[in-house]
There are 2 protein chains.
Amino acid sequence: MSSPETQASFLESYNIHEFDIPLTSVDMAIFSIENNNLKVLLVKRAQFPSKGEWALPGGFINLKTDQSLNDTVSRKLEEKTGVNISHLEQVATYGNAKRDPRGWSVTIAYMALISSKNITLLTDESSEEVVWLPINEIQQEYQLAFDHNIILEECYQRLRRKVQYTSLPINLLPKTFTLSELQKTFELILGYAIEKKSFRRRLLAADIIEETGEMRVGSNRPAKLYRANDVGKEHLFQRNIEGPR
Amino acid sequence: MSSPETQASFLESYNIHEFDIPLTSVDMAIFSIENNNLKVLLVKRAQFPSKGEWALPGGFINLKTDQSLNDTVSRKLEEKTGVNISHLEQVATYGNAKRDPRGWSVTIAYMALISSKNITLLTDESSEEVVWLPINEIQQEYQLAFDHNIILEECYQRLRRKVQYTSLPINLLPKTFTLSELQKTFELILGYAIEKKSFRRRLLAADIIEETGEMRVGSNRPAKLYRANDVGKEHLFQRNIEGPR
DNA sequence: GGAATAGTGTCTCTCAGACACTATTGC
DNA sequence: GCAATAGTGTCTGAGAGACACTATTCC
């Protein structure tokens, strides 16, 4: 390449196709609660590479329509789930020469939480099947495409860790919920029971949820319904939940 | 593209140059302590775009020599500092159509901590000057190239937040250090004084540092020297440092 | 009344903050 | 002795865990 004297002339003579650059994509671990299980959305790949294998949903950036990575992720999320995202968070970026048979590739991994109601699953040309599977089942029995087992694991660990000091699980429930339902959700992710009184004290003292005035009428004593306020969906606590001593 | 029937034939006919893919780079915020200041390494760009502007060090992945993103970062780190990294952590990935005048670009940002001794600064063809500047000065007076002000800010916030519940600042000191020196380092990053007794109680109880047996002989009462043990460089505490009430 | 779930009272324990105190050096 | 820095003793307060208790529903 010559040595241009201004940025304008540099850009004019710049041709991206002269360079070797990696393939770049996004992938997502989308979590939801269903039947007292923490589930993750998987797609069966309809195209090469890894055609026919289960994988995390994701895909390439559309340089023409996407203005930012967030646009790419939102678009993909909408293609698969018909939108209902209450929390979206970038987790990590994976890049190396071997993870994709097409060559050097980079993928930016996101974790999304979606509330357990009103999910419609859609399919498109790149995935012939879309399913929700319990995280434990995937970990134990599924060989996902590319390095998606590793990516999923890291997203799951991030979720578990954040449950200890944030109010993130609120994003897995519908707009209104009871404290018992919320506690169940925390316990499901943490994998152990937490003490009822501590849990309620903590959540109520944080001033992040408020009573709706309504009650959930079930089979026994009715429970107060709450909703999250402005900061409720990602409040940071000063101390971790430690679990049973 | 046709519809190949096997992954092998798919790969054979696959040509990456048929697709529009973003430029992909890595950038680093390298932190160190010097003269009681938290400093960040900046380079003055020797080439277009943004020639002559200050920027975070970084660059493109070399698809031939780098096997992974970590290789890329380590290579860049070595080019600039001659290596001395005690902590390296991926912070976030930024990607959009506008951040680089060459077009859609993605950069993976890392934060590195290097211990305050034995730093040799090197220059290379892509940066004519390399300097350590106090973070506060950069924030207040420097317009960095691209979106590097934002990237640096996010790295700095990540560092500050982690100081509240990890032992990360150990990585900014030489192998051996006194508790007073360690406390100073915590305070420098947090921006406020912490209580001596609490600090020492916390660090000592965590069982992550051990006495070397040596003493630091200064101008007054000599202080015990400590070194970090295996987990010392990134221990997680259950409770945050909260600061003065 | 009994089963089931919601919700409370209250004790203990851990650990951070506060702050006054003692210890060891150089001058 | 004094100044300066290292290091301790000990109180308070916030908030987590434990666990027994009460409250309200359906049957």
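Residue numbers begin at 1 in each chain, while the letters A, B, ... track the order of the sequences.
Ser198(A) comes within contact range of at least one nucleobase, with a heavy-atom separation under 4.0 Å. Within 4.0 Å (heavy atoms only), Lys224(B) reaches sugar-phosphate atoms of the nucleic acid but no base atom. Among the atoms of the strands shown, base atoms are found under 4.0 Å from some heavy atom of Glu195(B).
Within 3.5 Å, a donor on the side chain of Arg201(A) pairs with an acceptor on the base of dG17(D), or the reverse. Checked by distance alone, Lys197(A) brings no side-chain donor or acceptor within 3.5 Å of a matching partner on the base of dG17(D).
Atom-to-atom, CD of Glu242(B) to C1' of dT14(C) comes out at 14 Å; the value is rounded to the nearest Å. Residue Lys196(A) contributes atom NZ, which lies 14 Å from atom P of dA23(D) at whole-angstrom precision. At whole-Å resolution of the value, CG in Asn240(A) and C1' in dG17(D) are 14 Å apart. Rounded to an integer number of Å, the gap from Arg200(A) CZ to dT22(D) C1' is 13 Å. Between the P atom of dA14(D) and the CZ atom of Arg202(A) lies a distance of 17 Å, rounded to the nearest Å. Note: CZ (Phe237(B)) to C1' (dC15(C)) measures 12 Å, nearest angstrom. What separates CD of Gln183(A) from C1' of dT5(C) is a distance of 12 Å, to the nearest Å. For the pair Tyr165(A) OH and dA16(D) C1', the interatomic distance rounds to 18 Å; values are reported in whole Å.
A salt bridge does not link Lys44(A) to Glu53(A): none of the charged nitrogens lies less than 4.0 Å from a carboxylate oxygen. Between Glu154(A) and Arg158(A) there is no salt bridge, since none of the side-chain N atoms of the basic residue sits less than 4.0 Å from a carboxylate O of the acidic one. Salt-bridge formation is detected for the pair Arg216(B)/Glu181(B): a Lys NZ or Arg NE/NH1/NH2 atom is positioned less than 4.0 Å from an Asp or Glu carboxylate oxygen. Salt bridge Glu234(B)/Lys162(B): present, at least one basic N to carboxylate O contact under 4.0 Å.
Remark: Arg202(B) is positioned above the aromatic ring of Phe237(B), its terminal NZ or CZ atom under 6.0 angstrom from the ring centre and at most 45 degrees off the axis.
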Restricting both atoms to N or O, compile the protein contacts to nucleotides 24-27 of chain D shorter than 3.5 Å, with distance only.
unit_1	atom_1	unit_2	atom_2	d
dT24(D)	O4'	Arg221(A)	NE	3.4
dC26(D)	O4'	Ser219(A)	O	3.0

**OP:** Could you go through the side chain to side chain contact (heavy atoms under 4.5 Å, CB included) check for Leu203(B) and Leu182(B) one step at a time?
**Re:** CA-CA 10 Å; Leu203(B) 267 287; Leu182(B) 187 54; 3.8 Å; yes
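Picking from dC15(C), dA6(C), dA18(D) the nucleotide with the shortest atom distance to the side chain of Ala223(A) gives dA6(C).
Ring geometry for His148(A) against Phe146(A) counts as tilted: the plane angle lies between 30° and 60°, on a 0 to 90° scale.
A close approach under 4.0 Å does occur between a side-chain nitrogen or oxygen of Ser180(B) and OP1 or OP2 of dA6(D).
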